[in-house]
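Some notes on the structure that comes next.
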Amino acid sequence: KRKVFGAAFATINNEFAGTFKTLTDGQAWLELENKEEMFTGGIYMMASFRGKPAWESSSMSGGEKSVTAVALILAIQKVNPHPFYLFDEIDQNLDQANSQSLASFFKERSSQAQIIVVSLKDTMVAGSGVAYGVYNVAGISRIVRAKMEVQVKSG
Amino acid sequence: KRKVFGAAFATINNEFAGTFKTLTDGQAWLELENKEEMFTGGIYMMASFRGKPAWESSSMSGGEKSVTAVALILAIQKVNPHPFYLFDEIDQNLDQANSQSLASFFKERSSQAQIIVVSLKDTMVAGSGVAYGVYNVAGISRIVRAKMEVQVKSG
Amino acid sequence: GYIRRLEVKGFKSFGPRALTITFEQGLNVVTGPNGSGKSNIADAILFALGENSPRVLRAAQGRLTGLIYDPKREAVEARRAAEGAEGEAGEGAARSFSPEDRPTSCKVSLQIDNADRKIPVDSDLVTLTRELKNNGENSYYLNGKKSTKSMIADFLEVSGLSPSGLNVIPQGAATRVADLTPDEKRKMIEDVV
Amino acid sequence: GYIRRLEVKGFKSFGPRALTITFEQGLNVVTGPNGSGKSNIADAILFALGENSPRVLRAAQGRLTGLIYDPKREAVEARRAAEGAEGEAGEGAARSFSPEDRPTSCKVSLQIDNADRKIPVDSDLVTLTRELKNNGENSYYLNGKKSTKSMIADFLEVSGLSPSGLNVIPQGAATRVADLTPDEKRKMIEDVV
Ligand SMILES: Nc1ncnc2c1ncn2[C@@H]1O[C@H](COP(=O)(O)OP(=O)(O)OP(=O)(O)O)[C@@H](O)[C@H]1O
Ligand SMILES: Nc1ncnc2c1ncn2[C@@H]1O[C@H](COP(=O)(O)OP(=O)(O)OP(=O)(O)O)[C@@H](O)[C@H]1O
Ligand SMILES: [Mg+2]
Ligand SMILES: [Mg+2]
């Protein structure tokens with residue numbers, strides 16, 4: 001059990017650093033509270049955003065914490081691949097730059113597995129292959145589909 | 001104590017209905033779990049969005065819950081007026097229409113008291129009197145101020 | 001095994017009639033106003049994959065039967081009566097909002113692509129169907145043939161489809177992961193390994 | 001009593017040098033990228049108004065002294081050494097990021113308009129200043145004159161400025177209010193009455 005956890009932790013840590021780098025061009029890593037006894041301590045999420053010093057996630061801003069958590073989630077997903085992924089407004093408190101880079105990340109990753117993303121942001125909709133518009137008439141949901149043309153530029 | 005609470009509850013309930021109507025053109029109201037013994041029961045937040053049936057807040061969508069909670073917060077603030085108010089990304093999960101109407105609500109209310117709003121949304125920035133752009137250089141925050149021209153149209 | 005089609009009938013805000021969504025293999029972005037029904041799509045997918053927690057599915061009144069479309073008839077009747085009292089105009093508007101009766105069940109079918117035969121069934125498509133009646137009874141079907149909850153659970157496990165390992169991230173979950181304590185973060189990673 | 005100016009020095013990400021923000025009476029919207037320092041403005045205002053909880057002020061390491069600007073020198077030194085090993089280019093870039101030493105204190109001054117004399121002080125402006133040293137010692141000033149924590153608390157109460165009754169809504173609070181239980185909602189209203 002300890003060996004399996006150790007190996008998975010190392011893989012997740014690598015993926016986490018790679019994903020965070022792709023998303024923000026910064027550096028991120030996981031630190032074990034207790035290296036000897038992995039199961040007795042916690043795990044710290046550390047990151048340094050481009051041009052800024054490194055902080056533990058509890059001292060980051062709301063959006064910085066989210067981006068770091070998203071990078072960790074995406075890294076953990078790699079360890080346990082699925083044929084489809086579903087994200088519901090995961091970009092809620094990201095600024096324009098971070099949501100743009102997440103949209104490109106999803107576009108890239110969607111060549112390996114199906115991704116369904118719920119989002120209110122134009123950046124995410126513009127970057128998609130297919131967009132689904134949901135609306136409500138007298139309490140009943142309806143859905144229209146629109147294939148996004150390749151040349152769509154987000155406004 | 002019971003009388004004071006009862007009176008404040010009635011005022012908040014009125015304000016809540018009025019604010020919700022202004023924000024969404026729907027109807028909202030508070031229900032006491034136990035009308036006889038106010039202090040032993042809880043308070044339910046009920047609302048019906050335009051064209052939709054009424055639901056208790058726990059059965060609403062994420063954004064609907066937020067809008068309803070914002071209306072309640074704004075109503076409670078009326079009971080206990082302050083010279084200034086500060087809201088930090090209160091519009092985070094609101095769609096375009098709801099953030100637009102919240103932006104107009106703040107504009108209107110800012111004639112009675114100072115309002116400072118932190119927001120990532122263009123709708124909120126475009127509707128302001130003065131905008132402050134915060135940015136970070138090598139870990140240090142800097143701030144620039146811009147007086148919004150009256151004719152600014154949000155893109 | 002990507003999701004090709006989702007068919008719902010009587011499930012949450014999708015109403016009493018059948019509704020179909022066809023998904024693509026690549027990136028599908030779902031957007032729309034607050035309260036339009038976006039998260040209910042995620043709930044429908046989880047329901048078909050066997051999710052049983054009313055909290056996770058955000059079922060009204062905290063009971064699974066709260067997933068069945070509820071036109072809130074009694075509320076509408078009450079309002080219509082009030083509008084009726086205000087004259088004919090109310091009648092017209094109210095009539096266009098004539099919600100049907102509440103269905104006695106909700107049903108969700110999930111059609112999964114199996115061209116790569118990763119799922120141990122010899123067909124290009126695999127259809128998972130789950131129906132919940134208002135008496136709380138669930139029925140499960142695999143490619144149209146009646147099955148049981150545990151058989152479906154085993155089937156999902158073997159075909160790598162059971163929603164675990166964080167492949168479905170509900171609304172607000174990323175912010176919650178960001179605010180986990182160091183111990184909770186370790187536990188999250190342990191659960192996936 | 002609206003806020004006219006906020007002056008910070010050595011407070012969180014505002015760095016060791018003094019920084020001033022002048023606010024208007026009407027609607028002021030603060031915007032900027034993630035991590036730029038927007039919420040730190042709210043924290044500075046709450047700090048000057050006497051807020052003492054490291055959690056509410058989001059102070060690093062859960063201690064009030066975590067509010068003092070921290071250039072994270074040891075992290076920068078470590079990185080610079082690593083960059084230095086990669087040749088001269090690293091040196092140039094690193095030099096432009098030469099954070100000053102960590103200040104020994106942080107200070108916030110809040111200038112409040114008092115033309116309407118609602119605050120019981122005979123001056124057009126009222127300035128509240130709070131300084132926190134790295135030994136944990138706080139000093140409070142009212143219009144430049146040394147005061148005490150309890151005198152400031154009383155003063156704020158009398159002038160209707162103490163942050164209570166929900167006039168400051170921190171990041172994420174609206175979503176938390178939406179998810180309160182019915183009992184917690186009643187308690188929220190009771191607290192304000
Ligand atoms: N004592 C300190 N010294 C230096 N920087 C600090 C200190 N405490 C916090 N910070 C940093 O301040 C930065 C800005 O935080 P803040 O929460 O104000 O951002 P924000 O603009 O609100 O971002 P978001 O849009 O993500 O909410 C963070 O990157 C955080 O690491
Ligand atoms: N059993 C039900 N019958 C009818 N409507 C329901 C039922 N259960 C929930 N609803 C309604 O479904 C609506 C849509 O909810 P959903 O959470 O999918 O919205 P959303 O598009 O995700 O919105 P947001 O952007 O705010 O997250 C809500 O208004 C809710 O009241
Ligand atoms: Mg939703
Ligand atoms: Mg913030």
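We name chains A, B, ... by the order of the sequence lines, and we start the count at 1 in each one.
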Proximal component of [X], with respect to chain D [non-hydrogen, under 4.5 Å]:
| X | answer |
| --- | --- |
| B/T11 | neither |
| B/V70 | side chain |
| B/L30 | side chain |

Atom group of [X] that falls short of 4.5 Å from chain B, counting heavy atoms:
| X | answer |
| --- | --- |
| D/I3 | both |
| D/D179 | side chain |
| D/T22 | both |

D/F47 and D/F11 aromatic centres sub-6.0 Å: yes

SB check D/E7 D/K107 (cutoff 4.0 Å):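 Not counted as a salt bridge, because no side-chain N and carboxylate O are separated by less than 4.0 Å.
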
Test: D/R186 cationic atom under 6.0 Å from B/F39 six-membered ring centre, within 45° of axis: no

Heavy-atom side-chain contact between D/D113 and D/D124 under 4.5 Å: no

Residue, of D/V177, D/T31, D/D183, that accumulates the most heavy atom pairs under 4.5 Å with chain B: D/T31

Test log, rule side-chain contact (heavy atoms from CB on, under 4.5 Å), inputs B/F49 and B/Q27: CA-CA 7 Å; B/F49 286 79; B/Q27 292 155 353; over 6 Å; no

